[in-house]
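Structure record follows, encoded as structure tokens.
Whatever order the structure lists ligands and atoms in, that order sets their numbers, starting from 1.
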Amino acid sequence: MDSLKQRLEELRQIIRRHDEWYYVHNRSEISDAEYDKIFRDLQDLEQQFPDLVSVDSPTQRVGGAPLPQFQKIQHEFPLLSLDSEMTEDSVRTFDERVRRELDQAHVDYSAEPKFDGLSIELTYDQGVFVRGATRGDGTIGEDVTHNLRTIRTLPLKLKEDTGFPSHLVVRGEVFIKLHDFHQLNQRLTEAGEDTFANPRNAASGALRQLDPQVTAKRSLTLTCYDFMNEGEEKPAVHFDAVSSLESWGLPIPLLRQHCPSIKEALDFHREMAEQRDSLPYEIDGVVIKVNRFEWQAQLGEKSRSPRWAIAYKFPARKELTTVRAIAVSVGRTGALTPIAMLDPVDIGGVTVSRASLHNMEEVARKDVRVGDTVKVERAGDVIPDIVERVEVAGEQRTDPFVPPDQCPVCQSHTIQEGPVLYCAGQTVCSAQLKGSLEHYVSKGAMNIDGLGKQTIAQFVDEGLVKDLADLYVLTKEQLLELEGFAEKSATQLVEGLEKSKQAALPRFLIGLGIRHVGTHTAKVLAQQYGSLGNIQKASKSELQAIHEIGPEIAASVESFFQEDRNLQVIQRMQDLGVHVEEIEVVAESSQKPFIGKSFVLTGTLEGMSREEAKEKIETLGGRVMSSVSKKTDYAVAGADAGSKLEKAQSLNVKVLNESEFRALLSENSPSPL
Ligand code: IVH
């Protein structure tokens with residue numbers, strides 16, 4: 001009995017510690033799957049021995065402790081958490097219990113994505129947003145009204161005459177879209193500040209800013225999924241209640257479904273799992289709720305969670321594993337990338353056995369060493385990433401990783417440039433050569449079919465190709481002698497290479513693999529100079545004078561074309577028949593037809609986000625302002641445009657609808673690559 005008590009207390013301690021990390025410090029030391037498992041172990045034990053349940057057990061509470069700096073707010077209704085289920089069987093068991101307890105043969109459900117953000121409570125009095133609070137411990141939360149007011153999707157006033165109740169309490173989730181998350185991290189990197197490990201931490205960090213100005217810059221977004229108070233206006237079922245929220249002007253989940261039985265809810269989960277990676281925000285499962293409020297009340301609640309809803313989670317995408325070795329790979333630019341070789345671990349159905357550590361500085365910063373336990377994350381189609389090292393009590397660590405002073409492929413010496421270590425053996429390093437060839441033939445560059453990674457490796461390893469120009473010396477007969485080539489594939493490749501000899505200038509520039517010259521820069525250079533010859537002659541200061549070309553790019557372009565070996569290869573390519581087409585030079589101002597024009601965006605555009613619209617306008621030289629004035633040139637009005645549209649009309653500002661706006665953009669855009 002004593003050892004059982006001890007075990008229970010141990011589990012509670014572990015959970016409390018992780019709760020504090022997670023809720024108070026926005027960090028987690030273990031994967032969600034591990035946490036859920038410990039929590040379930042505790043729940044199971046307590047269920048078996050109800051006499052041993054203590055009032056302070058984490059299972060008896062609703063969440064973690066609020067931060068001390070914010071005003072505390074007592075929630076009008078407790079913000080419960082949800083029990084998690086991981087398997088279809090356990091969801092079916094939930095449904096069986098529900099139907100048994102309600103004594104119903106058929107029970108319908110409402111299913112919604114489970115947004116991976118922060119739960120909040122919003123209060124509207126007479127249709128005006130008066131208060132917003134974080135969940136806190138479920139009973140007492142933090143007053144974040146000022147921060148919430150900065151969220152563009154949160155209506156400060158509900159739509160007039162839509163029949164909303166005079167007092168309304170709504171629950172929803174605040175989160176950050178992936179695009180905004182990546183932009184935020186980029187800004188933080190540029191400012192030399194720490195980045196966030198995931199969108200949830202970023203949203204949490206933004207919502208808990210004491211200065212709302214900072215929150216405002218972080219592009220938080222919101223969705224509402226629960227109408228909490230009673231009232232005549234409340235429909236009989238959850239699905240319709242959420243529709244009511246929408247009709248009053250609140251943002252609600254786009255992807256939700258009414259499910260006549262549990263089968264449809266399971267189908268919805270499957271669909272969401274498939275769509276997950278292509279959604280613009282993170283979801284970590286599906287929430288399944290008994291639809292009828294009367295039945296919800298009948299089923300009631302446990303201390304921490306309702307008995308009428310569950311979270312059917314997706315398999316976790318972050319797991320813990322051990323670093324077995326740190327290997328170093330060499331890319332086409334000669335950059336040495338440290339790669340952690342891991343004990344294989346299943347992350348959301350994919351076996352992961354290696355993860356990028358990006359560069360030498362990152363290895364040092366994260367202090368990852370062979371033998372360490374690390375948290376590995378797989379996000380969408382991105383290469384697995386090591387989120388952080390996890391300290392294990394009593395572990396004996398190995399020595400810190402030492403960046404190599406020789407290239408592991410060609411043994412040339414290495415040079416450090418900023419955070420990145422490079423191999424100095426540009427022309428002798430076969431890894432760099434393979435990388436540059438792969439880049440030259442890739443879709444974004446010269447787009448030459450039939451030259452995969454393996455074929456290129458074969459060319460290089462057999463000594464057939466020593467630089468880009470050698471590609472144009474290959475003959476069909478030579479190819480036929482190689483493994484994997486037949487008449488048809490050899491002919492196709494030779495024809496593909498022949499066709500590539502008529503090369504568009506931007507594509508050729510991209511293909512050369514000049515450091516910092518990607519699609520956009522290549523296009524700018526091509527439009528500015530018109531021919532390869534002119535670009536070759538351009539000096540650093542001349543290049544830098546071009547809008548959009550900074551000192552780093554300018555230096556890199558100049559030094560590429562100052563290197564004799566590069567010029568020789570280009571000359572040989574030209575001698576072998578490669579003709580880089582010239583294009584008409586456009587003056588900079590004609591690439592920026594919106595210079596001096598100001599735009600105001602209002603309402604929702606269907607086909608593009610506000611951020612995209614802004615980016616397009618700015619790329620063409622225009623500016624996007626937040627309010628309409630006499631000086632505004634265009635007001636772009638999407639669906640549900642509000643007071644800005646009225647103001648624009650009253651000031652006689654030209655108003656464009658979405659298709660007119662698109663037409664204006666395409667009339668003024670430079671021709672595509
Ligand atoms: S309903 C009593 N619906 O998941 C029902 N919650 O682990 C309360 N969440 O703290 C919640 N998406 O922050 C509900 N569509 C959704 C949700 C959702 C995300 C979060 C919520 C809650 C957590 C439960």
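When ring centroids are compared, Y281 and F115 come within the 6.0 Å threshold. Under the 6.0 Å cut-off for aromatic ring centres, F293 and W308 do not qualify, their centroids lying 6.0 Å or more apart.
The single protein non-hydrogen atom nearest to atom 3 (N) of ligand 1 is K289 NZ, 3.0 Å, given as residue, atom name and distance. Counting protein heavy atoms only, atom 2 (C) of ligand 1 is closest to P306 CG, 3.6 Å. In terms of protein heavy atoms, atom 7 (O) of ligand 1 is closest to K114 CE, 3.5 Å. From the protein, the heavy atom lying nearest to atom 14 (C) of ligand 1 is Y225 CE1, 3.3 Å. The nearest heavy-atom contact from the protein to atom 5 (C) of ligand 1 is L82 CD2, 3.9 Å. Of the protein's heavy atoms, E173 OE1, 2.7 Å lies nearest to atom 13 (O) of ligand 1.
Within ligand 1, counting atoms from 1 as listed, the ones closer than 4.0 Å to a heavy atom of R171 are 8 (C), 10 (O), 11 (C), 21 (C), 22 (C). Close contacts between ligand 1 and W308 involve ligand atoms 2 (C) [criterion: under 4.0 Å to a heavy atom]. Under a 4.0 Å criterion applied to the non-hydrogen atoms of S119, ligand 1 contributes the atoms 10 (O), 13 (O), 21 (C).
When only interatomic distances are considered, the shortest N/O to N/O separation between P113 and ligand 1 falls below 3.5 Å. Considering backbone and side-chain atoms together, E112 places an N or O closer than 3.5 Å to an N or O of ligand 1. Of the polar atoms of F115, at least one N or O is found under 3.5 Å from an N or O of ligand 1, judged by distance alone.
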### Message
If you apply the rule side-chain contact (heavy atoms from CB on, under 4.5 Å), what do you find for H182 with N185, and how did you get there?
### Response
CA-CA 5 Å; H182 293 306; N185 267 355; 5.7 Å; no
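A donor-acceptor pair under 3.5 Å is formed between the side chain of T134 and the backbone N or O of E142.
Ring orientation note: the planes of H269 and Y312 are close to parallel, at an angle under 30° on the 30°/60° scale.
E301 does not count as a contact of ligand 1, since none of its heavy atoms falls under 4.0 Å from the ligand. In this structure, A309 does not count as a contact residue of ligand 1, since none of its heavy atoms falls inside 4.0 Å of the ligand.
Each of V287, I310, I288 was compared with L82 under the side chain to side chain contact (heavy atoms under 4.5 Å, CB included) criterion, and only V287 meets it. Remark: of the listed residues Q13, R12, R7, R7 is the sole one forming a side-chain hydrogen bond (donor to acceptor under 3.5 Å, both in side chains) with E10.
No salt bridge links D44 with R40; every basic N to acidic carboxylate O contact stays at or beyond 4.0 Å. Ion pairing between D36 and K313 holds under the 4.0 Å rule for side-chain N and carboxylate O.
Under 4.0 Å from ligand 1, the heavy atoms of V287 that appear belong solely to its side chain.
Scanning all heavy atoms of the two residues, the minimum distance from R307 to R97 falls at O-NH2, 3.1 Å.
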